[in-house]
Participant: 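Below is a structure I'd like to ask you about.
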Amino acid sequence: MTWSPKNLANKITPAITESRRFARRAVTHLLNHHRVTQFAELGCGFPHTPNIHDIAEDHTSSARTLYIDNDQLAANHARALMAGHRARTAEVDLTDTTAVVEAIATTFDMSAPIALILSGTAELIEDAPSMIAALVHALPARTWLVLTHITADVFDTTSHRPRRPCAQSGSHTTHARIMTSR
């Protein structure tokens, strides 16, 4: 298949839309069924509607959201949109797991459940299994991992690579609980 910007846009736009719909369902489920009120979106990029903090704050005023990205432009844009909300932004490289955990620990109550959200992020990180494992093992036992990824029908490649980081991290056998889209 010949790729063009229009062809890519026609495929990626529905993928992003569906990823956001899944994030809405996952956040709502965690709020309603597991009393999670702290959400860290890793590699948030430019905020998308609905934003994680909007979804969470629609359910409870005590919800807190942390957007983490190393792109200064994305972080500044996110900060501008977050004014007046219980949301924060941290400019941190996701591969620096110590800095990610520090950003989470300074923003959230580490004795309460936390949800880590990687939406279309893991497949872009060279050593995602190690990154996910380091985060899962450094965070509290009541941490949830919400993972979405681009699949084969978008880029005509194997869809197993994005799922591999989660499986290789051992997080399904440790204390993190995993929610993935299908």
Side-chain angles (χ1 to χ4, degrees), residues 8 11-12 14-27 29-30 34 36 38-48 52 56 64-72 74-75 78 88-108 110-182:
L8 180 60
K11 288 191 159 267
I12 199 98
I16 292 169
T17 300
E18 289 306 313
S19 177
R20 218 32 154 176
R21 287 179 63 203
F22 173 75
R24 177 190 293 262
R25 291 190 310 271
V27 169
H29 177 81
L30 290 172
H34 301 284
V36 177
Q38 302 180 120
F39 300 89
E41 187 170 20
L42 309 181
C44 62
F46 285 100
H48 305 284
I52 299 300
R64 290 186 287 178
T65 306
L66 174 62
Y67 295 98
I68 301 176
D69 203 300
N70 67 341
D71 183 314
Q72 184 179 20
R88 302 286 177 261
T89 304
E91 267 180 69
V92 175
D93 181 343
L94 297 184
T95 61
D96 183 352
T97 56
T98 301
V100 171
V101 171
E102 286 175 12
I104 291 170
T106 59
T107 304
F108 293 152
M110 296 296 274
S111 67
I114 296 169
L116 294 179
I117 302 170
L118 288 98
S119 184
T121 304
E123 63 265 37
L124 304 175
I125 296 173
E126 184 65 32
D127 192 9
S130 295
M131 182 207 70
I132 292 170
L135 291 173
V136 164
H137 294 293
L139 292 170
R142 293 170 55 194
T143 296
W144 287 81
L145 178 61
V146 178
L147 177 68
T148 66
H149 55 80
I150 302 297
T151 59
D153 57 333
V154 175
F155 288 114
D156 196 26
T157 60
T158 179
S159 64
H160 298 290
R161 183 174 176 255
R163 281 185 252 152
R164 200 173 305 133
C166 195
Q168 289 176 346
S169 74
S171 58
H172 63 285
T173 58
T174 62
H175 56 269
R177 296 182 180 126
I178 303 166
M179 301 182 77
T180 59
S181 61
R182 296 178 207 244

Participant: Out of curiosity, Thr106 OG1 to Leu66 CG, how far, rounded to the nearest 0.5 Å?
Facilitator: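 Here the rounded value is 7.5 Å.
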Participant: Report yes if some heavy atom in the side chain of Phe39 is under 4.5 Å from a heavy atom in the side chain of Val146; otherwise report no.
Facilitator: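 No, too far: nothing below the 4.5 Å cut-off.
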Participant: Rounded at 0.5 Å granularity, tell me how far CD1 in Ile68 sits from CG in Leu94.
Facilitator: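 If we round to the nearest 0.5 Å, Ile68:CD1 and Leu94:CG are 7.0 Å apart.
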Participant: Kindly assign one of parallel, tilted or perpendicular to the pair Trp144 and His34, based on the angle between their ring planes and the thresholds 30° and 60°.
Facilitator: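 Taking His34 first and then Trp144, their aromatic rings sit tilted (interplane angle of 30° to 60°).
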Participant: Only counting residues at least two apart or in another chain, list the ones meeting side chain to side chain contact (heavy atoms under 4.5 Å, CB included) with Asp127.
Facilitator: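 In terms of side chain to side chain contact (heavy atoms under 4.5 Å, CB included), with neighbours along the sequence ignored, Asp127 is linked to Pro129, Ser130.
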Participant: Considering non-hydrogen atoms only, spot the tightest contact between Asp69 and Gly43 and give its length.
Facilitator: OD2-C, 3.5 Å
Participant: So, taking the atom named CG in Leu30 and the one named CD1 in Ile114, what distance separates them when rounded to the nearest 0.5 Å?
Facilitator: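 CD1 of Ile114 is found 12.5 Å from CG of Leu30.
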Participant: Atom CG of Leu135 and atom CG of Leu116: how far apart are they, to the nearest 0.5 Å?
Facilitator: 6.0 Å
Participant: Is the closest side-chain heavy-atom distance between Val36 and His29 below 4.5 Å?
Facilitator: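 Heavy-atom side-chain distance check fails, nothing below 4.5 Å.
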Participant: Heavy atoms only: give me the nearest Met110-Pro140 pair and the separation to one decimal.
Facilitator: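 Between these two residues, the closest heavy atoms are O-CG, 3.0 Å.
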Participant: Using the rule side-chain contact (heavy atoms from CB on, under 4.5 Å), only one of Leu118, Asp96, Val136 pairs with Met131; which is it?
Facilitator: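 Going through Leu118, Asp96, Val136 one by one, the side-chain contact (heavy atoms from CB on, under 4.5 Å) with Met131 is satisfied by Leu118 alone.
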Participant: Nearest 0.5 Å please: distance from the CG atom of Leu42 over to the CD1 atom of Ile104.
Facilitator: 6.0 Å
Participant: If I compare all heavy atoms of Val101 with all of Ala138, which pair ends up nearest, and what's the gap?
Facilitator: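 Heavy atoms only, the tightest pair is CG2-CB, 3.7 Å.
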Participant: Got a second to check how far Tyr67's OH is from Thr107's OG1, nearest 0.5 Å?
Facilitator: 13.0 Å
Participant: Residues in side chain to side chain contact (heavy atoms under 4.5 Å, CB included) with Thr95, at least two apart?
Facilitator: Asp93, Ile125
Participant: Which atom names give the shortest non-hydrogen contact between Ala103 and Val92, and what distance separates them?
Facilitator: CB-CG2, 4.4 Å
Participant: Going by side chain to side chain contact (heavy atoms under 4.5 Å, CB included), name the residues that satisfy it together with Arg64, two or more places apart in sequence or in a different chain.
Facilitator: Gln38, Arg86, Phe108, Asp109
Participant: Under the side chain to side chain contact (heavy atoms under 4.5 Å, CB included) test, which residues partner Ala134, sequence neighbours left out?
Facilitator: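 Scan of Ala134 (side chain to side chain contact (heavy atoms under 4.5 Å, CB included), adjacent residues dropped) gives Thr97.
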Participant: Taking side chain to side chain donor-acceptor pair (under 3.5 Å) as the test, write out the residues that go with Arg21, two or more places apart.
Facilitator: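 So Arg21 forms a side chain to side chain donor-acceptor pair (under 3.5 Å) with Glu18.
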